[in-house]
Amino acid sequence: MSGIVGYIGKRNAQPILLDSLEHLDYRGYDSAGIAISNGTTIEKRRSVGRVKDLRTCILREPIPSGTIGIGHTRWATHGTPSVQNSHPLTGCDDRFLVVHNGIIENYTALKRSLKKQGHVFKTDTDTEVIPHLLEQYDTGDFETTVQAILPLLRGSFALAMMSREHPNMIIAVSQDNPLIIGFGKGEAYLASDIPALLPYTREFYPIKNNEMAILTLGKVQLKTYDGISVEPKRVTVDWNVQDVLFPDQDHHMLKEILEQTKAVEETLKGRLTPVGVKLPEIEAPWSKERVQNISKIHIVASGTSYHAGIIGKKVLEQLLQIPVQVSFSSEFRDDHPPLDDRDLIIVLSQSGETADTLSALREAKRFGCPVIAITNTVGSTISRKADNTLYTKAGPELAVASTKAYTSQLTVMMLLALWLEQQIRDTHDEYSQALLESLTRLPMDIDSTLIMTKDAIDQLAQITYDQEHLFLIGRGLDYVLALEGALKLQEVAYIHADAYAAGEMKHGTMALITPGVPVIALATQTHLMDKVISNIKEVKARDAFVIGITKIGEDLLTEEVDQVLYIPETHPFLMPILAAIPLQLLAYYSGTVRGHDVDRPRNLAKSLTVE
Ligand code: M6R
């Protein structure tokens with residue numbers, strides 16, 4: 001995954017490209033580069049590291065100003081992070097400049113054949129075959145040259161290309177990999193996602209498969225690979241530019257944790273009514289008969305979204321009494337149970353661009369399964385490929401670690417479960433009626449949780465300063481939450497954090513409990529409290545340092561642990577939403593106390609558009 005930007009218009013391209021790249025550096029920060037045309041010549045600069053390093057490189061060696069350009073921020077897939085492997089990449093004679101996101105799966109065969117034809121390769125990247133192919137198939141006309149090479153490429157790719165012989169033009173394509181055109185007055189932008197362009201425009205067009213965008217001064221043409229013109233149907237988004245500017249808080253991650261009250265409030269807005277849940281996005285296509293005909297539900301997602309999916313499974317199974325299977329997207333594509341059109345697939349993805357999830361979605365469609373997507377990103381590839389989409393309204397999430405998107409996904413899962421229940425039974429039983437009522441209070445409860453835990457966790461995080469190992473234990477929904485807490489701590493604090501079903505510790509893992517090792521015991525489910533307390537006693541007997549996270553008033557647990565953090569009480573299904581907050585804060589403060597760049601953790605990227 002990498003980030004791509006482009007600009008063509010009347011303004012100086014350099015600051016626009018660099019600023020937009022900075023918004024995209026969550027997609028990769030191994031190296032960065034830009035190429036700028038002044039209408040006659042094109043110059044490029046590249047640097048290892050982040051966009052700020054590229055800025056320094058340009059300060060040392062300024063780039064002549066121009067109003068047309070492309071840029072790239074890289075997450076290395078093929079070839080180490082080096083200047084040589086940085087984009088824009090060129091071929092033998094520098095005629096074509098290419099920035100690429102994705103993977104060219106058949107690059108080895110293409111490279112072999114190009115080498116036979118005399119092409120000399122300078123990098124270890126898959127991308128480099130593209131400028132060489134452009135040279136090989138150059139017709140003298142940039143557009144037809146691009147048309148000639150596109151059918152040769154296999155894999156997923158978003159490309160922005162320039163030609164020194166046509167310095168007033170950018171050609172962009174997006175094959176199973178996002179690339180968005182932004183429209184200004186007499187100018188156009190390119191970026192891998194919408195938030196990067198919010199400072200400039202709110203009108204966008206996500207380029208689709210088999211389309212190429214030809215950007216010239218004052219004109220954006222869209223054509224199929226066969227040259228047939230297409231009218232770009234623009235989408236307008238209502239996101240606020242403030243959401244993507246650098247936060248008042250020290251980091252995007254903290255800002256996004258603190259924004260959860262608003263994110264959940266927005267996600268609930270208009271969807272909770274006195275008579276139940278309203279989800280207009282799926283009401284028309286999902287009649288009662290169709291819902292009642294569902295035989296099984298499959299939830300497919302990756303990472304944090306996968307954890308939201310497991311909680312979703314437990315809620316859906318209890319409310320609907322329909323079997324639900326949750327799969328990692330990366331596994332589902334190659335290994336899934338028999339599927340047919342009575343299997344409902346729910347895909348969860350904050351970005352709406354995760355390649356593994358997209359592949360799983362395609363696989364499900366191959367069997368005729370209906371797909372509902374839950375995503376945070378309007379116009380994303382997953383939202384376009386799914387039959388119906390329910391949006392989380394968390395606003396742009398820029399920190400690599402997912403926080404507000406997770407709690408918003410859980411909120412939508414609750415709404416969807418309640419809505420499906422309405423379709424199946426026409427009414428809610430007492431338990432789901434209580435869930436509905438608790439949902440109305442959820443934003444307030446999130447606010448209280450933030451107030452109750454933020455400073456205490458800041459203190460507590462200090463003890464993780466020199467810890468290498470940490471355990472999280474819980475039962476039922478608390479175990480799922482433990483999985484998410486562990487992922488957050490691994491991701492931003494680089495602590496070897498592991499989650500265990502509390503009752504399983506005695507079956508092996510207990511051997512790892514040594515005096516002083518931190519164990520976070522999650523205990524938010526009343527019906528499991530006695531059993532969790534027994535499990536806490538077991539680790540305490542081995543001198544672990546136990547931190548309990550529980551509901552206000554759980555005094556029995558308080559007596560058993562070394563330190564306790566209280567959160568408000570709500571419906572059992574919503575406890576994972578509240579209890580996720582102290583865990584997110586713990587990961588954040590542990591990451592900062594250990595001196596890590598929490599917004600840009602090592603080796604990771606936000607949007608994983610490669611499988
Ligand atoms: O955009 P998605 O929800 O599809 O992303 C899935 C995962 O890559 C993502 O949740 C990842 O695990 C987060 N960085 C975790 O904080």
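Nothing here was measured: the structure is a model prediction, and the numbers come from that model. Counting starts at 1 for both ligands and their atoms, in listed order.
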Tyr494 ring center within less than 6.0 Å of His596 ring center | yes

Identify whether the distance between the nearest side-chain nitrogen and carboxylate oxygen of Asp387 and Lys365 falls below 4.0 Å.
-> yes

Determine whether Lys454 and Leu450 make a side-chain contact, defined as any pair of heavy atoms from C-beta on separated by less than 4.5 Å.
-> no

Where ligand 1 meets Ser402 - atom numbers and elements under 4.0 angstrom, heavy-atom basis | 15 (C), 16 (O)

Please report which non-hydrogen protein atom sits nearest to atom 7 (C) of ligand 1, along with the residue it belongs to and the distance in Å to one decimal place.
-> Ser302 O, 3.7 Å

Against heavy atoms of Ala401, which atoms of ligand 1 measure under 4.0 Å?
-> 16 (O)

Indicate, as side chain, backbone, both or neither, the part of Lys488 found under 4.0 angstrom from ligand 1 when only non-hydrogen atoms are considered.
-> side chain

Shortest reach to atom 12 (O) of ligand 1 by a heavy atom, considering only Ala308, Gly303, Ala587 = Gly303

Enumerated ligand 1 atoms positioned under 4.0 Å from heavy atoms of Ser351 = 1 (O), 2 (P), 4 (O)

Considering distance alone, does some N or O of Gln409 sit under 3.5 Å from an N or O of ligand 1?
-> no

Nearest neighbour in protein (non-hydrogen) for atom 14 (N) of ligand 1 = Glu491 OE2, 2.6 Å

Nearest-contact summary for atom 8 (O) of ligand 1 - protein heavy atom, Å = Leu608 CD1, 3.4 Å

Rounded to the nearest 0.5 Å, how far does CZ of Phe573 lie from CG of Leu316?
-> 9.0 Å

Atom 9 (C) of ligand 1 has as its nearest protein heavy atom Thr304 N, 4.1 Å

Sequence neighbours left out, cut at 3.5 Å: what donor-acceptor pairs do the side chains of residues 467-476 make with other protein atoms?
| from | atom 1 | to | atom 2 | distance (Å) |
| --- | --- | --- | --- | --- |
| His469 | ND1 | His496 | ND1 | 3.0 |
| Arg475 | NE | Asn535 | OD1 | 2.8 |
| Arg475 | NH2 | Asn535 | OD1 | 3.1 |

Residue, atom name and distance, where the atom is the protein heavy atom closest to atom 4 (O) of ligand 1 = Thr354 OG1, 2.4 Å

By number and element, which atoms of ligand 1 are closer than 4.0 Å to a non-hydrogen atom of Ser305?
-> 2 (P), 3 (O), 10 (O)

Please work out which of the three classes, parallel, tilted or perpendicular, describes the rings of His251 and Tyr588, given edges at 30° and 60°.
-> perpendicular

At what distance, to the nearest 0.5 angstrom, does OG1 of Thr261 lie from CD1 of Ile581?
-> 7.0 Å

With Asn210 via side-chain hydrogen bond (donor to acceptor under 3.5 Å, both in side chains) - residues at least two apart = none

